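Read through the structure below, which is laid out as C-alpha cells, and then see the notes.
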Amino acid sequence: MNTGIVMLDIKYVTQNLQEVQKALSTRGKTADLEDLNSFNEQRKKILLELENLRHRRNVVSQEIAAMKKEGEDAEGLVAEMRKVSSSVKNLANSLSETEEKINIIVMSLPNLPNASVPLGEEPSDNPLRYTKGRLPDFDFEPLPHWTLGEQLGILDFNRAAKITGARFPLYFGLGARLERALINFMLDMHTEHHGYKEVLPPFIVNRGSMTNTGQLPKFEEDLFKLQGWDYYLIPTAEVPVTNIHQGEILEEENLPVFYAAYTPCFRSEAGSYGKDTKGLIRQHQFNKVELVKFTTPETSYDELENLLNNAETILKRLEIPYQVIELCTGDLGFSAAKTYDIEVWMPAQNVYREISSCSNFEAFQARRGNIRFRRKGKKGTELVHTLNGSGLAVGRTVAAVIENFQKADGSVAIPEALQPYMGGMKRIELCM
RNA sequence: GGAGAGAUGGCCGAGCUGGCUGAAGGCGCUCGCCUGCUAAGCGAGUGUGGGGGUUAUACCUCACCGAGGGUUCGAAUCCCUCUCUCUCCGCCA
C-alpha cells in the first residue's frame, strides 16, 4: 500500500527546507526539519539497497524455477537466496523504522499558511475584514441569553448538569423548537439555494478519519474517546464528511463537490475551565450545520469566498449583525492554510462571538486522507483541495437570536425568515 | 451472540494442487481505421504509489490481488490475526 509518507509533501519539505521553516515560524512553530531531511536521505538510501536486493531475488528465483523444471540441482542458488532474503527482511525492517520516524515528525507539522494570510501572533492581530448589519438599539438593558432562556423556560442548565454535568444544554418547548427550526432553515438554505448535497454522517469515527483531517495525533485531549474502542465522538462534521472520499480518485468533471451536514459536535474543551461558563457559548455538546467542499487547486480560493458567503447568508436572512475577520498566521488552526471567522453580535456581553470558521485546507487533508482527482485527458492524479466552514453553529445562533431579538418584557421576537419554521409564530413568550 | 460464504484492476469475472499472472476473458473507456448518420466491425491503448534516470521524454526498477504478520529461494495462490461484506438462526430500535 502506501509507504506511510504523507502529510506535508515530504519532497516539497525536503527540497524547500528554508521556506518551510520560515512559513512554519510565522505560525509560531519550530520544527526539526534537519532531522526530517536526514531521515529522508537515510530512507532513500535504504530503499535503493533494498530494491536492488529484491530485484536480484526476483531474477534468481526465476532461474531456480527454470533449473528445477530441467531437473537440475539449484541448491547453490537457493542457499545464496536464503542469505539475500534475510538481508531483505532486515533492510525492510530498518526502512519501516525510518519511515516511522519521518511520519512522527511529519504528522505533527501543521499546514503552511497561504501567502495571503496576514502575519501575526495572536487573536488580537486578526484583521477585521468587514462588519455587516445594524446593531440593535435597546431602550433597556439587554439580558444575556441564559437569563432570558431560563426566565422563558426554554433553557435549563441546572437540570442539564444534573443529567450529565457542566457544559451540557437542555432545551424545553420553544427553545427546543427554535434549535430544530434553525437546523432546518440552515440545511434548506444550503441545499436549495447554495448547491450543497445534504449528508447525514456517523457521529462516531475511527482514528484514521481523525488523523486525516488533522485532529490526531496532536489534539487527542480535545476529543471524547469511546472506552474500549478506537472510536471518537466527532468534534465537528468536518471529520466524517471530509472522510467520505478518503482513498478515492475523483473525476475532474465531478468537481467541485459540496456537502452540507447537520451533526451534533462533542468537544472536551480541555483547558478552557472558567471560560464562558454560562450559557450556550461553550458546551461539550452542541449542534452544527457544516459545509464541506472538495475542489480543484485552482478554484479553492474562489470557493472559500463562496463558502464564507453561504455562511454569511444565514445571518443576513436572520437579520443578525456580524463581522468577518481573517485569522493571522499565529492564530491559524493546525490543518488550515487560510481561515475566515464570522463573529456574531452578542448585545448582552457587548462583544462579537465566533459563530463560524471557514477554512481552506488546500491539499493538507487530501494528502493525509489520500483524496485525489484525475484531470480529463491527462495521466496521473493530483490531490484535491478541501474546505469547510460552519454554516452555522446552531447553539450560538440560538443565543444570538435570543439576545438580539429580545424585548423589554422579556419575550423574544422570531426573525421573519425563521417564522415558517416555527409554525408561523412571531414571538417566544413565557413557556411553562 | 451462534453457523457458514466471501473480499482480485473503472465494472463483471478467471486464477487459489506456490514459479514467465500486474494479473486470462468479457464489459466499459480512449485513440485510429471503416461507414451517408447511428449501430456493428477492425487495430492499438487503458491502474496506483515509491526509487533511479533524463533539460524533458524514453527507459530501468520496487511495491501493491481487503489490512497486518508468518512459511518459502519464490505467495493473489499455503498458515495465523484483524477488518469489512453477504446468507441463515437468535436478539433488538
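If you're wondering where the values come from, they're calculated on a predicted model, not measured in any experiment. Chain letters run A, B, ... following the sequence lines, proteins first and then strands; every chain starts at 1.
Between B:C64 and B:G53, the distance separating the two P atoms is 24 Å to the nearest Å. On the C1' atoms, B:U48 is 13 Å away from B:G10, given to the nearest whole Å. Between the C1' atoms of B:G4 and B:G22, the separation comes to 33 Å (whole Å). When the P atom is compared between B:U17 and B:G66, the two are found 16 Å apart, to the nearest whole Å. On the P atoms, B:C29 is 15 Å away from B:C11, given to the nearest whole Å. Taking atom C1' in both B:A24 and B:U8, one finds a spacing of 12 Å when rounded to whole Å. The P atoms of B:G25 and B:G68 are separated by 29 Å, rounded to the nearest whole Å. Here the separation of B:C59 from B:A5, taken at their C1' atoms, is 46 Å to the nearest Å.
Across all strands shown, B:A14 forms no Watson-Crick or G-U wobble pair with both distances under 3.5 Å. Within the shown strands, nothing qualifies as a pairing partner of B:U57 under the Watson-Crick or G-U definition with both distances less than 3.5 Å. Look at B:U48: its Watson-Crick or wobble partner, with both distances under 3.5 angstrom, is B:A63. B:G36: no Watson-Crick or G-U partner with both key distances under 3.5 Å is found in any strand. The partner of B:A24 is absent, by the rule that a Watson-Crick or G-U pair needs both atom distances under 3.5 Å. Taking a pair to require two hydrogen-bonding distances under 3.5 Å in either a Watson-Crick or a G-U wobble arrangement, B:C84 pairs with B:G6. If you check B:C31 for Watson-Crick or wobble pairing at under 3.5 angstrom, you find it paired to B:G43.
For the pair A:S85 and B:U72, the criterion of a side-chain N or O lying under 4.0 Å from OP1 or OP2 is not met. Considering only side-chain N and O atoms, A:R54 lies nowhere under 4.0 angstrom from the phosphate OP1 or OP2 of B:G51. An OP1 or OP2 oxygen of B:U48 is reached within less than 4.0 angstrom by no side-chain nitrogen or oxygen of A:T381. Residue A:R374 has a polar side-chain atom (N or O) positioned under 4.0 Å from OP1 or OP2 of B:U48.
Residues A:Y259 and A:H245 have side chains that bring a donor and an acceptor to within less than 3.5 angstrom of each other.
A:K338 has a carboxylate O that lies under 4.0 Å from a charged side-chain N of A:E326, or vice versa, which qualifies the two as a salt bridge. Under the 4.0 Å criterion applied to side-chain N and carboxylate O atoms, A:E253 and A:R374 are not assigned as salt-bridge partners. Contact check on A:R207 versus A:E220 returns a salt bridge, with a Lys/Arg side-chain nitrogen under 4.0 Å from an Asp/Glu carboxylate oxygen. A salt bridge is absent between A:E269 and A:R267; no separation between the charged side-chain nitrogens and carboxylate oxygens falls under 4.0 Å. With respect to the salt-bridge test (charged N to carboxylate O, under 4.0 angstrom), the residues A:D230 and A:K225 qualify.
Comparing A:R372 and A:A79 by the nucleotide of RNA chain B that holds the closest heavy atom to each, the one mapping nearer the 5' end is A:R372.
Spacing between atom CG of A:N370 and atom C1' of B:G47 amounts to 14 Å, rounded to whole angstrom units. The distance between atom CD of A:E99 and atom C1' of B:A63, rounded to the nearest whole Å, is 11 Å. Rounded to an integer number of Å, the gap from A:L95 CG to B:C64 P is 13 Å. Rounded to an integer number of Å, the gap from CE of A:M81 to P of B:U71 is 18 Å. For the pair A:I102 CD1 and B:G51 P, the computed distance is 11 Å after rounding to whole Å. For the pair A:E63 CD and B:C73 C1', the computed distance is 11 Å after rounding to whole Å. Regarding A:E253, its CD atom lies at a distance of 13 Å from the C1' atom of B:G10, rounded to whole Å. Atom NZ of A:K83 and atom C1' of B:U72 are 18 Å apart (whole Å).
Remark: A:E121 CD is loosely packed, at most 12 non-hydrogen atoms of other residues, nucleotides or ligands lying under 6.0 Å away. Remark: A:E416 CD is loosely packed, at most 12 non-hydrogen atoms of other residues, nucleotides or ligands lying under 6.0 Å away. Counting heavy-atom neighbours within 6.0 Å of A:E382 CD, excluding the residue itself, gives a total above 12.
Using a 4.0 Å heavy-atom cutoff across all strands shown, A:K89 reaches sugar-phosphate atoms only and no base atom.
Looking only at distances, no side-chain donor or acceptor of A:S85 sits under 3.5 Å from a matching main-chain atom of A:R82.
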Between N or O atoms, less than 3.5 Å apart, protein on one side and nucleotides 52-61 of chain B on the other: list the pairs.
from  : atom 1 : to    : atom 2 : distance (Å)
B:U61 : O3'    : A:H55 : ND1    : 2.8

Can you tabulate the close N/O pairs, meaning under 3.5 Å, that link protein atoms to atoms of nucleotides 18-23 of chain B?
from  : atom 1 : to    : atom 2 : distance (Å)
B:G19 : N2     : A:S61 : O      : 3.1

Does A:Y421 form a ring pair (Phe, Tyr, Trp, His ring centres under 6.0 Å) with A:F185? I'd like the steps, not just the answer. CA-CA 7 Å; A:Y421 291 88; A:F185 170 66; 5.7 Å; yes
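Legend: residues meeting salt bridge (charged side-chain N to carboxylate O under 4.0 Å, His left out) with A:D276, ordered by chain and number and at least two apart, are A:R282, A:R353.
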